[in-house]
J.: 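First the structure, which I've put down as structure tokens, then a few questions once you've had a look.
Sequential numbering from 1 along the given sequence is applied to the chain's residues.
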Amino acid sequence: MNKKIGNIFKGDKVIWMVLFFLCMISIVEVFSASSGLTYKSQDFLSPILKHTGTIVMGLFVAVVTLNIPCKYFKLMTPFLLLISFATLLWVLMGGETINGANRVIEIPGFTFQPSEIAKGTMILAEAQILSAMQRESGADKDAFKYILWLALPICFLIGLENLSTAAMLFGIVIIMMYIGRVSYKQLGKLVGVIVGCAVIGLIMIMLLGHAETPEETQLTKTETVEQPQKKGKVEKLFHRFDTWKGRIMNFGKGEVNPQKYDLDKDAQVAHANIAIVSSNIIGKGPGKSVERDFLSQAFSDFIYAIIVEELGILGAAFVVLLYVILLYRCARIASRCENNFPALLVMGLGLLLVIQAVFNMMVAVGLAPVTGQPLPLISKGGTSTIINCAYIGAILSISRSAKVRNDKKEKIKLAESEEIS
């Protein structure tokens, strides 16, 4: 029986434990935070049963992925790039609008976010380029150029509707280039260009964006603003500027007198802060959140605030520890890899999951402006949960081959030592 279970849960056991705990926390906290969905559907069990089914599907995908040898991931890269570009263009032209942005494609029976597939595909392609162009002195200078040819259009297409995801992905691309020994001179020039573009972009957002005042509209449970009038082609191109400007201005307010705080206009941030403060360090206990009834994205973008409210500081710290362990194990697996490609891929996927988690938690505790990033493997989601489980499966697949190679090395060393003795 134990052998059968071991054959299913192959790969790094620590990562399996991290995945198990994240999934258990997800089921408990999403069940608690889905009170709004329960009220709307008038069905107590439907939201959590659907979410649990998604997690089970994700675990199945992880098991399937971990049984794919790492070498076959390279063969998938061209097809995944075609799928990513096609679906990103599709979602821009005919995607379903959620919170003022076209982010999902609706197909009879389910919806999916092309950006989730594109993120992993970009990491996969970059790992392949960097590994193929390694030289004794570092990565070939042309590797930098090839990576940008892929990263810039992918991040641009994502950024038109989801700037935070595009910025996060491009940041991970830069970190991977640093790990992959790309020239510091090239990276320095790139960082300089990015800073310049960021300054220009910020100026354009503040000039062209429009953030409504409380007198202009009574806004409930959101920090973004939608323009009621019809927009022309130019206005449609910059329609996300309003949202971005609102988030920047709200984050830049600093401390506000409670009597002057607009609880309707800044509902998400306000109720997230209330949830954290009302935890009283020890937490209220699972299922006893109050702010879940006021946070519009309690089960997704702001689920970490609900975790703090219910599980307290220790529970929140435990979640952080799980992501730290995940990144540490990815680094250990990378250090055991004989080839560059699996080492770069496992680090890229680990960074992708952990950095997104950091962004989500920073937003929940008020250390970053609202970005709309879910908490990987915990937040309620369809495509994101399944794709993130596929990333874990790829990491486990690499851990299997890395362990085998490491064991072979140890056997060879042992045999050599026995011959000498």
J.: Which heavy atom in Ile55 sits nearest to a heavy atom in Cys23, and how many Å separate them?
T.: CG2-SG, 3.8 Å
J.: Rounded to the nearest 0.5 Å, what separates atom CG in Leu353 from atom SG in Cys330?
T.: 7.5 Å
J.: Could you give the distance from OG (Ser279) to CD1 (Ile274), rounded to the nearest 0.5 Å?
T.: 12.5 Å
J.: Determine yes or no for a side-chain-to-main-chain donor-acceptor pair under 3.5 angstrom, with Tyr391 supplying the side chain and Gly120 the backbone.
T.: yes
J.: Taking everything shown except Lys145 itself, do over 12 heavy atoms lie less than 6.0 Å from its NZ?
T.: yes
J.: Is it the case that Ser278 and Glu291 place a side-chain donor and acceptor less than 3.5 Å from each other?
T.: no
J.: What residue among Asn340, Ile147, Ile179 forms side chain to side chain contact (heavy atoms under 4.5 Å, CB included) with Leu130?
T.: Ile147
J.: Would you name the heavy atoms of Cys337 and Pro342 that are closest together and state the gap between them?
T.: SG-CB, 4.0 Å
J.: Are there more than 12 heavy atoms of other residues, nucleotides or ligands under 6.0 Å from atom NZ of Lys50?
T.: no
J.: Please name the pair of heavy atoms, one in Gln113 and one in Ser384, separated by the smallest distance, quoted to 0.1 Å.
T.: OE1-CB, 4.5 Å
J.: Can you confirm whether Ser26 sits close enough to Leu377 that some side-chain heavy atom of one is under 4.5 Å from a side-chain heavy atom of the other?
T.: no
J.: Is the backbone N or O of Ser397 less than 3.5 Å from a side-chain atom of Arg400, with the two atoms forming a donor-acceptor pair by type?
T.: no
J.: Within this structure, what is the CD1-CG distance for the pair Ile395 and Leu345, rounded to the nearest 0.5 Å?
T.: 8.0 Å
J.: May I ask you to decide if Arg292's main-chain N or O and Ser289's side chain share a donor-acceptor pair within less than 3.5 Å?
T.: yes
J.: Working to the nearest 0.5 angstrom, can you tell me the gap between Leu352 CG and Met347 CE?
T.: 12.0 Å
J.: Can any side-chain N or O of Trp16 pair as donor or acceptor with the backbone N or O of Gly11 at less than 3.5 Å?
T.: no
J.: I'd like to know if the side chain of Gln356 and the backbone of Leu375 have a donor-acceptor N/O pair within less than 3.5 Å.
T.: no
J.: Assess the pair Phe318 and Phe21: is the distance between their ring centroids shorter than 6.0 Å?
T.: yes
J.: Do any N or O atoms from the side chain of Ser335 and from the backbone of Arg332 form a donor-acceptor pair under 3.5 angstrom?
T.: yes
J.: Apply the test side chain to side chain donor-acceptor pair (under 3.5 Å) to residues Glu310 and Ser32: give CA-CA distance (whole Å), side-chain angles for both, the deciding distance (0.1 Å), then the verdict.
T.: CA-CA 9 Å; Glu310 294 190 348; Ser32 174; 2.4 Å; yes
J.: In a check of side chain to side chain contact (heavy atoms under 4.5 Å, CB included) between Tyr304 and each of Glu29, Met362, Glu309, Met361, which one passes?
T.: Met361
J.: Of all heavy-atom pairs between Gln186 and Phe144, which one has the smallest distance, and what is that distance?
T.: OE1-CB, 3.5 Å
J.: Take atom CE in Met24; do more than 12 heavy atoms of anything else shown fall under 6.0 Å from it?
T.: yes
J.: Are any side-chain N or O atoms of Thr65 and backbone N or O atoms of Gly393, one a donor and one an acceptor, separated by less than 3.5 Å?
T.: no
J.: Can you confirm whether Phe359 is buried at CZ, in the sense that more than 12 heavy atoms of other residues, nucleotides or ligands lie under 6.0 Å from that atom?
T.: no
J.: Quick check for you: to the nearest 0.5 Å, what is the distance between Ser34 atom OG and His51 atom NE2?
T.: 7.5 Å
J.: Go through it in stages, so that I can follow the logic: the residues are Gln128 and Thr77, the test is side chain to side chain donor-acceptor pair (under 3.5 Å), and I'd like the CA-CA distance, side-chain angles, deciding distance and then a yes or no.
T.: CA-CA 9 Å; Gln128 194 165 340; Thr77 304; 2.8 Å; yes
J.: Among side-chain atoms of Asn162 and Ser164, is any donor-acceptor pair under 3.5 angstrom?
T.: yes
J.: Between the side chains of Thr121 and Ser84, is a donor N or O closer than 3.5 angstrom to an acceptor N or O?
T.: yes
J.: Please check if the side chain of Asp140 supplies one atom and the backbone of Asp142 the other of a donor-acceptor pair under 3.5 Å.
T.: yes
J.: Quick one: CG on Leu59 to CD1 on Ile386, what's the gap to the nearest 0.5 Å?
T.: 10.5 Å
J.: Count the heavy atoms of every other residue, nucleotide or ligand shown that sit under 6.0 Å from CG of Leu75, and state whether that count exceeds 12.
T.: yes
J.: Is the backbone N or O of Asp12 less than 3.5 Å from a side-chain atom of Arg329, with the two atoms forming a donor-acceptor pair by type?
T.: no
J.: Could you tell me whether the side chain of Gln134 and the main chain of Arg181 form a donor-acceptor pair under 3.5 Å?
T.: no
J.: Can you spot which of Asp301, Thr165, Asn360 makes a side chain to side chain donor-acceptor pair (under 3.5 Å) with Gln373?
T.: Thr165
